There are 2 protein chains.
Amino acid sequence: MQKKAPKIDPSLVADFPLFNDMKKEDIGDILEKGVAKHYKKGDRFFDQFDEATHFFLMLDGYLEVSKTTEEGSQVIMRHFGVGELFGVAPAIAQKNYPATSRALVDCVAILWENKFWDLFLVEHPQFIKNAYSAIGQRLAQSQERIVEMSTEQVERRVAHAVMRLTHQCGVKTESGILIDFPVSRQDIAEMTGTTLHTVSRLFSAWSTKGLMQVGRQKIEVLEAHKLALLAQGH
Amino acid sequence: MQKKAPKIDPSLVADFPLFNDMKKEDIGDILEKGVAKHYKKGDRFFDQFDEATHFFLMLDGYLEVSKTTEEGSQVIMRHFGVGELFGVAPAIAQKNYPATSRALVDCVAILWENKFWDLFLVEHPQFIKNAYSAIGQRLAQSQERIVEMSTEQVERRVAHAVMRLTHQCGVKTESGILIDFPVSRQDIAEMTGTTLHTVSRLFSAWSTKGLMQVGRQKIEVLEAHKLALLAQGH
DNA sequence: CCATTTGTTTGATCTAACGCAAATAATCAG
DNA sequence: CTGATTATTTGCGTTAGATCAAACAAATGG
């Protein structure tokens with residue numbers, strides 16, 4: 001399921017925002033303390049309620065973080081891609097992971113044991129600062145999403161979700177922007193608090209308008225500008 | 001609008017979770033760097049989009065933090081009471097406040113200039129740790145609320161919101177738990193993504209069931225246990 | 001005290017979106 | 001290649017909750 005990867009070269013990660021304003025040697029020191037692992041598509045990095053023992057940095061691939069309610073509904077909280085820190089429970093004094101994280105494609109990630117957070121706090125404060133900056137952005141995004149859920153109706157929310165996916169996980173093609181991993185209608189529903197049926201209907205409509213091109217677990221946005229207008233409520 | 005308050009005695013705040021595991025002298029040093037101010041009911045501590053220049057600690061009173069959308073809808077993000085740190089944009093590298101904070105009753109708060117965050121990081125790391133722990137809980141709560149908005153229908157969400165209010169800002173009376181500041185039906189609607197009409201209908205129903213006693217901007221929960229059951233979906 | 005403003009209640013529609021159902025299409029496993 | 005599984009589409013009836021409307025009640029301010 002997981003095997004060690006060769007040592008990571010600092011220059012491969014130096015341009016991640018997480019390592020902003022840091023010297024190569026500091027980056028190297030941090031990388032040395034972690035362990036790189038491969039994860040196959042579908043593997044879980046950690047499960048909701050697991051004791052939080054590590055924090056992670058994605059080197060290659062995409063993952064989704066989701067929460068499951070007592071009644072069994074799943075809500076996809078967000079996606080992470082290359083260069084992003086995740087599973088940062090130790091950074092905010094949470095004993096357990098609040099959600100499950102799952103590899104959407106084959107991935108490579110570095111994991112550090114919790115104790116290194118406190119060490120880096122002393123030895124590499126810039127790293128910690130960069131990390132908290134990212135965490136702050138996530139808090140802000142969470143709150144934006146609460147506003148969205150409170151005030152916008154389904155079509156706008158779905159448009160927003162697709163836009164976010166294109167920004168975070170999109171690759172340019174000749175015709176538009178393609179989401180780089182399989183996304184089902186159900187997934188989109190779980191990102192927006194609606195049903196797969198409603199998503200399917202919206203996608204059909206947008207598809208006939210030429211706004212996007214959809215397939216089985218495939219989304220390609222053709223006219224991002226028009227989608228943005230929808231997200232803004234036009 | 002605001003005037004300086006007398007110097008704060010460390011022993012008054014030592015039992016705030018924010019000062020856990022800290023020596024009196026460290027607490028005193030931190031308090032000295034801040035300025036205590038009075039705020040009248042309705043005063044704003046800061047406005048959405050303002051440049052974030054200070055962070056705050058509530059010494060007495062309650063405040064609400066709310067966001068306004070481009071279309072003019074308001075969403076109440078959360079409430080803060082005595083002992084809670086708020087306006088922590090500097091802690092998470094946010095240049096501007098993402099929301100507006102408003103005093104719900106006459107308040108006393110300490111404010112520190114941004115620069116002291118970095119100073120405390122070095123001189124009082126335990127304070128910073130405690131603060132990030134609180135911020136982490138808020139991130140977790142935000143995400144819980146997203147799940148709630150995605151999966152629960154209005155009655156449960158409103159029940160949750162009222163429960164949260166009783167926990168955060170409730171005072172015991174002979175008959176039950178009273179929310180300690182004026183809350184309108186509209187306020188509850190803005191906390192749950194619904195309309196004041198729906199909240200009014202729910203409150204009427206719950207009131208006749210003897211679950212709560214309501215008045216103009218007044219909520220008193222009589223049977224917290226039954227409300228909790230509603231919040232859990234029964 | 002009266003006039004005005006602000007908050008609340010409740011009834012009567014209306015509709016966005018859900019839930020159900022059934023058909024179709026793509027993928028997978030043997 | 002074939003049957004089973006999983007994802008998607010689309011139609012149709014239902015409903016939770018919004019919207020509209022009007023009356024009422026409490027607070028406020030001159």
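All of these numbers come straight from a predicted model, not from anything done at the bench. For the numbers below, each heavy atom of this structure counts, side chains included, while hydrogens, waters and symmetry mates do not. Below, chains carry the letters A, B, ... as their sequence lines are ordered, and counting in each starts from 1.
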D:dA7 P sits how many Å from A:Phe181 CZ, rounded?
16 Å
Would you mind telling me which of C:dG7, D:dG11, D:dT8 lies closest to the side-chain atoms of A:Arg201?
D:dG11
For B:Phe45 versus B:Ala109, what's the shortest heavy-atom pair and its separation?
CE2-CB, 4.1 Å
Would you call A:Glu148 and A:Arg164 a salt bridge, taking side-chain N to carboxylate O under 4.0 Å as the test?
yes
Over how many whole Å does the gap from B:Lys218 atom NZ to C:dT6 atom C1' extend?
18 Å
Whole Å only: how far is the CD atom of B:Glu190 from the C1' atom of D:dA18?
16 Å
Among C:dT6, C:dC18, D:dA18, which nucleotide sits nearest the side chain of B:Arg216?
C:dT6
Any ion pair linking B:Lys67 and A:Glu144 (charged N to carboxylate O, less than 4.0 Å)?
yes
Counting side-chain heavy atoms from CB outward, which of D:dA18, D:dT8, C:dA17 is closest to A:Gln217?
D:dT8
Distance in angstrom units between B:Leu196 CG and D:dA21 C1', rounded:
13 Å
d(CZ, A:Arg185; P, D:dT6) in whole Å:
18 Å
Would you confirm whether the ring centroid of B:Phe46 sits within less than 6.0 angstrom of the ring centroid of B:His54?
no
Between C:dA16 (P) and A:Arg156 (CZ): distance, integer Å:
15 Å
What is the distance, rounded to the nearest whole Å, between atom CD of B:Glu155 and atom P of D:dT15?
17 Å
When the side chains of residues 217-234 of chain B are checked against the rest of the protein, which donor-acceptor pairs come out under 3.5 Å, sequence neighbours left out?
| from | atom 1 | to | atom 2 | distance (Å) |
| --- | --- | --- | --- | --- |
| B:Glu220 | OE2 | B:Thr173 | OG1 | 2.6 |
| B:Glu220 | OE2 | B:Ser175 | OG | 2.6 |

Report yes if at least one side-chain N or O of A:Ser200 is closer than 4.0 Å to OP1 or OP2 of D:dT10; otherwise report no.
no
Rounded to the nearest 0.5 Å, what separation is found between the CD1 atom of A:Ile76 and the CE atom of A:Met191?
6.0 Å
Note: B:Phe80 and B:Leu85 closest approach over all heavy atoms is CE2-O, 3.9 Å
Nearest to side-chain heavy atoms of A:Ser184, which nucleotide of D:dT8, C:dT10, D:dA18:
D:dT8
To 10°, what angle do the rotation axes through the five end pairs on each side of the helix from C:dC1-D:dG30 to C:dG30-D:dC1 form?
50°
Minimum-distance nucleotide (side-chain atoms of A:Thr198 versus D:dA18, D:dA26, C:dC18):
C:dC18
Taking for each residue the nucleotide of DNA chain D bearing the nearest heavy atom, is the 5' side occupied by B:His197 or by B:Gln153?
B:Gln153
note: B:Met212, atom CE; C:dT9, atom P; distance rounded to Å ~ 11 Å
Could you pick out which residue, A:Thr195 or B:Val199, lies toward the 5' side of DNA chain C when each is mapped onto its nearest nucleotide?
B:Val199
